[in-house]
Amino acid sequence: MNAGETRDRRGVLAAVAGVVAGGLGLAVSELVAAVVAPGASTIFAGGAAVVDVVPPWLKDFAVAWFGTADKAVLLGTMGVVLAAGAALAGWLERRRRHVGVALLVLVGVAGMVLAATRPGAGPLWVLPSAIGVAVAIPVLRASIRTLLPDAAATATATAATAAAATAGATEGPASAEEPAATGRSADVAAASPAPGATAPDGPRPPAPSSAVNRRRFLQITGLAAAGALVALGASQVIGAGARTVEAVRTRLRLPAPARAAAPVPAGAELGIDGLTPYVVPNDEFYRIDTALRVPQINPEDWTLRVTGMVDEPFEIGWDELVSLPLTEHHVTLACVSNPVGGDLIGNALWLGYPVRDLLARARPQAGADMVLSTSQDGWTAGTPLEVLEDPDRECLLAIGMNGELLPAQHGFPARLVVPGLYGYVSATKWVTELKVTTFEQDEGYWTPRGWSALGPVKLHSRIDVARAAEGGGALVAGVAWAQHTGVSAVEVMADDGDWVPAELAQATGTDTWVQWRAELDLAPGDHTVTVRATDANGEVQTAEVAPPAPDGATGWHSASVTV
């Protein structure tokens with residue numbers, strides 16, 4: 001193996017050493033975070049920081065391409081970036097001492113700063129990143145040391161070579177035809193016999209050691225990798241809060257409503273395969289939020305504070321909340337990032353306490369026009385006060401979803417449900433505070449990032465089914481919604497033909513979507529079908545195409561069908 005191949009091989013091994021050392025450090029930081037606070041996790045604090053600074057267009061791109069898997073993609077991408085950075089640290093450390101270590105320290109300091117600046121952070125939140133990098137550095141150094149030449153062997157070989165050169169010089173001066181070699185050439189000449197010459201008896205001078213100490217390298221990296229696995233396993237055992245909270249949730253019983261929702265009429269479901277059900281099951285309900293790790297809140301420890309511009313601020317806990325007269329109501333929730341024809345929308349039966357009654361108890365002061373709701377993870381939403389106080393709008397502090405307690409990913413123990421507004425200005429999950437304030441003084445999480453401060457849900461319709469009908473022509477079906485207004489009509493157009501009225505299913509009220517269907521008499525071949533809706537006020541869904549940012553997408557949804 002030539003010198004170039006040896007260097008390349010050592011470079012690869014150095015990169016491997018960096019990845020192993022970085023992986024051990026990250027695993028240890030996760031273990032420490034499990035003891036200190038899950039939110040102090042290096043990777044989750046970093047991921048949350050990425051979410052905080054991501055521009056609206058990139059958020060829309062991620063949601064459009066990955067949907068509810070956007071968080072997994074983000075964490076996977078971060079893992080790849082961190083692994084590449086660790087590999088670079090190992091490669092640099094072999095080439096120049098302390099450079100790779102400096103890179104690890106930089107990453108550790110960044111993790112400490114990000115964790116310390118997260119909402120609700122305490123003094124101990126810097127520990128996971130600090131301890132993680134403190135563990136990674138000696139492992140990296142020890143691994144890289146096995147890839148460097150053996151200094152003792154090199155010194156011995158240099159001394160032996162010098163002695164051989166001296167001995168050769170005493171046998172006589174070089175001839176005029178053969179000038180004396182100098183410097184490195186002399187060393188090589190002295191150490192190597194002339195062609196055809198016989199090597200002298202006795203031991204040969206040792207050559208400088210250039211071989212990798214494979215056994216020691218494998219020992220260090222193997223133990224480090226095993227330690228990383230142990231640390232990750234221990235962090236999972238210690239961080240069993242999710243399982244504990246789920247066990248508590250399972251033992252609790254959903255209170256009976258003081259005011260039950262109207263039953264779903266039989267005519268709400270058209271019974272068409274492929275058509276989204278009127279009420280979406282909990283495990284199929286969309287989830288879009290900024291929480292990379294679902295908050296795990298024991299209801300015994302949960303409280304909601306009502307503060308701000310109020311005469312009577314107060315706190316309410318779980319036991320008090322479930323003892324209040326609760327209301328059931330069907331409400332369709334929609335994400336502002338939902339593209340035309342998208343599936344970031346769902347209808348469910350919610351159980352909760354009217355927010356207007358909570359606000360009435362606090363007695364908002366004159367001049368207030370907004371309620372800033374805060375999640376346990378620090379996310380905020382700004383909702384118009386007049387919407388939450390509207391006696392004709394069932395805005396709920398919800399604890400139940402489709403007949404069971406809220407699932408953790410949908411806000412357990414409590415969340416906000418507000419008909420007619422996109423979730424980014426209303427649907428705060430894991431809610432812990434309602435601050436009565438003004439739009440001038442405060443703003444929600446997404447407003448300074450380019451999104452509108454007000455987010456009324458726009459009139460929309462969507463095609464779920466477009467296929468050839470059994471008796472000829474095409475069957476087209478889908479859902480339409482006009483939140484807190486109601487849908488009065490849906491029409492379907494084939495190619496550039498006339499609009500054909502669709503059949504509307506029944507609904508429980510104006511706060512939910514409605515199913516629709518239409519049969520079109522089409523000639524054999526390929527066709528494009530388009531849908532539009534009209535709300536109860538006579539407003540027709542606009543054909544103007546607009547992206548989700550800054551206040552919701554617009555346009556007509558189309559689909560292809562072959563007859």
Side-chain angles (χ1 to χ4, degrees), residues 259 261 304-314 316 321 324-336 345 350-375 379-398 411 414-429 431-448 451-460 481-487 509-513 535-539 550-552:
R259 183 154 53 95
L304 174 73
R305 298 186 300 131
V306 183
T307 64
M309 298 173 62
V310 296
D311 291 335
E312 301 289 343
F314 67 93
I316 184 173
L321 176 58
L324 296 174
L326 304 181
T327 297
E328 272 188 333
H329 193 58
H330 285 94
V331 179
T332 295
L333 298 184
C335 178
V336 70
I345 182 170
W350 306 94
L351 174 69
Y353 188 67
V355 177
R356 62 176 174 271
D357 292 342
L358 290 172
L359 296 174
R361 174 176 168 182
R363 297 169 54 199
Q365 298 171 356
D369 61 7
M370 187 255 271
V371 173
L372 187 73
S373 54
T374 302
S375 170
W379 187 87
T380 57
T383 310
L385 177 61
E386 64 176 352
V387 170
L388 296 177
E389 291 183 323
D390 186 350
D392 297 324
R393 196 184 305 235
E394 292 296 348
C395 303
L396 300 177
L397 175 64
R415 65 170 294 164
L416 293 185
V417 173
V418 179
L421 298 182
Y422 285 118
Y424 82 105
V425 295
S426 67
T428 304
K429 302 174 185 175
V431 62
T432 59
E433 182 181 14
L434 300 179
K435 178 186 177 183
V436 179
T437 179
T438 66
F439 281 102
E440 184 178 357
Q441 293 178 353
D442 289 294
E443 54 189 1
Y445 180 91
W446 285 111
T447 303
W451 295 82
S452 172
L454 304 177
V457 177
K458 295 181 176 179
L459 172 62
H460 265 292
W481 57 94
Q483 278 265 277
H484 203 58
T485 301
V487 175
T510 61
D511 290 335
T512 72
W513 61 13
D535 71 13
N537 293 330
E539 178 185 350
D551 58 0

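Shown are Leu396, Asp392, Asp390; of these, the side-chain contact (heavy atoms from CB on, under 4.5 Å) with Glu394 is made only by Leu396.
Listed for the Asp535 side chain is a donor-acceptor partner under 3.5 Å among the backbone atoms of Asn537. Between the side chain of Arg393 and the backbone N or O of Pro419 there is at least one donor-acceptor pair closer than 3.5 Å.
A 4.5 Å side-chain heavy-atom check between Leu416 and Leu397 finds at least one atom pair inside the cut-off. At least one side-chain heavy atom of Ile316 sits less than 4.5 Å from a side-chain heavy atom of Leu324. At least one side-chain heavy atom of Asp311 sits under 4.5 Å from a side-chain heavy atom of Gln365. Side-chain atoms of Thr438 and Met370, non-hydrogen and from C-beta on, never get closer than 4.5 Å to each other. You'll find the side chain of Thr510 stays beyond 4.5 Å of the side chain of Thr485, heavy atoms only. With a 4.5 Å cut-off on side-chain heavy atoms, Val418 and Val425 do not count as touching. Phe314 is listed as a side-chain neighbour of Leu358, based on a closest heavy-atom distance under 4.5 Å. In this structure the side chain of Val387 never reaches within 4.5 angstrom of the side chain of Ser426, judged on heavy atoms.
Taking every heavy atom of both residues into account, Ser373 and Thr428 meet most closely at OG-OG1, 2.6 Å. Residue Thr447 comes nearest to Ser452 through the heavy atom pair OG1-O, 4.1 Å, listed as atom of the first residue, atom of the second, then distance. The two atoms that bring Met309 and Gly367 nearest to each other are CE-C, 4.0 Å, heavy atoms only. The two residues Val310 and Val436 have their closest heavy-atom pair at CG1-CG2, 3.5 Å. Nearest heavy atoms, Thr332 versus Gln483: O-OE1, 2.8 Å. Contact between Val306 and Ala362 at its shortest, heavy atoms only, is CG1-CB, 3.6 Å.
Here Thr374 contributes atom OG1 and Lys435 contributes atom NZ; the two are 8.0 Å apart, rounded to the nearest 0.5 Å. If you take CG on Asp369 and CD on Glu440, they are separated by 9.0 Å, rounding to the nearest 0.5 Å. Interatomic distance, CG of Leu333 versus OG1 of Thr512, reported as 11.5 Å (0.5 Å rounding). One finds the OG1 atom of Thr432 at 7.0 Å from the CZ atom of Arg305 (value rounded to the nearest 0.5 Å). Atom OG1 of residue Thr383 and atom CG of residue Leu388 lie 5.0 Å apart, to the nearest 0.5 angstrom. To the nearest 0.5 Å, atom CD1 of residue Ile345 and atom CH2 of residue Trp481 are 4.0 Å apart.
Within a 6.0 Å radius of NZ in Lys458, more than 12 heavy atoms belonging to other residues, nucleotides or ligands are found.
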- Steps toward ring pair (Phe, Tyr, Trp, His ring centres under 6.0 Å) verdict (His329, Trp350): CA-CA 5 Å; His329 193 58; Trp350 306 94; over 10 Å; no
When you look at Leu326 and Glu328, which way does the side-chain contact (heavy atoms from CB on, under 4.5 Å) test go after all the steps? CA-CA 7 Å; Leu326 304 181; Glu328 272 188 333; over 6 Å; no
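Using cut-offs of 30° and 60° for the angle between ring planes, the Trp451 and Trp446 rings count as perpendicular.
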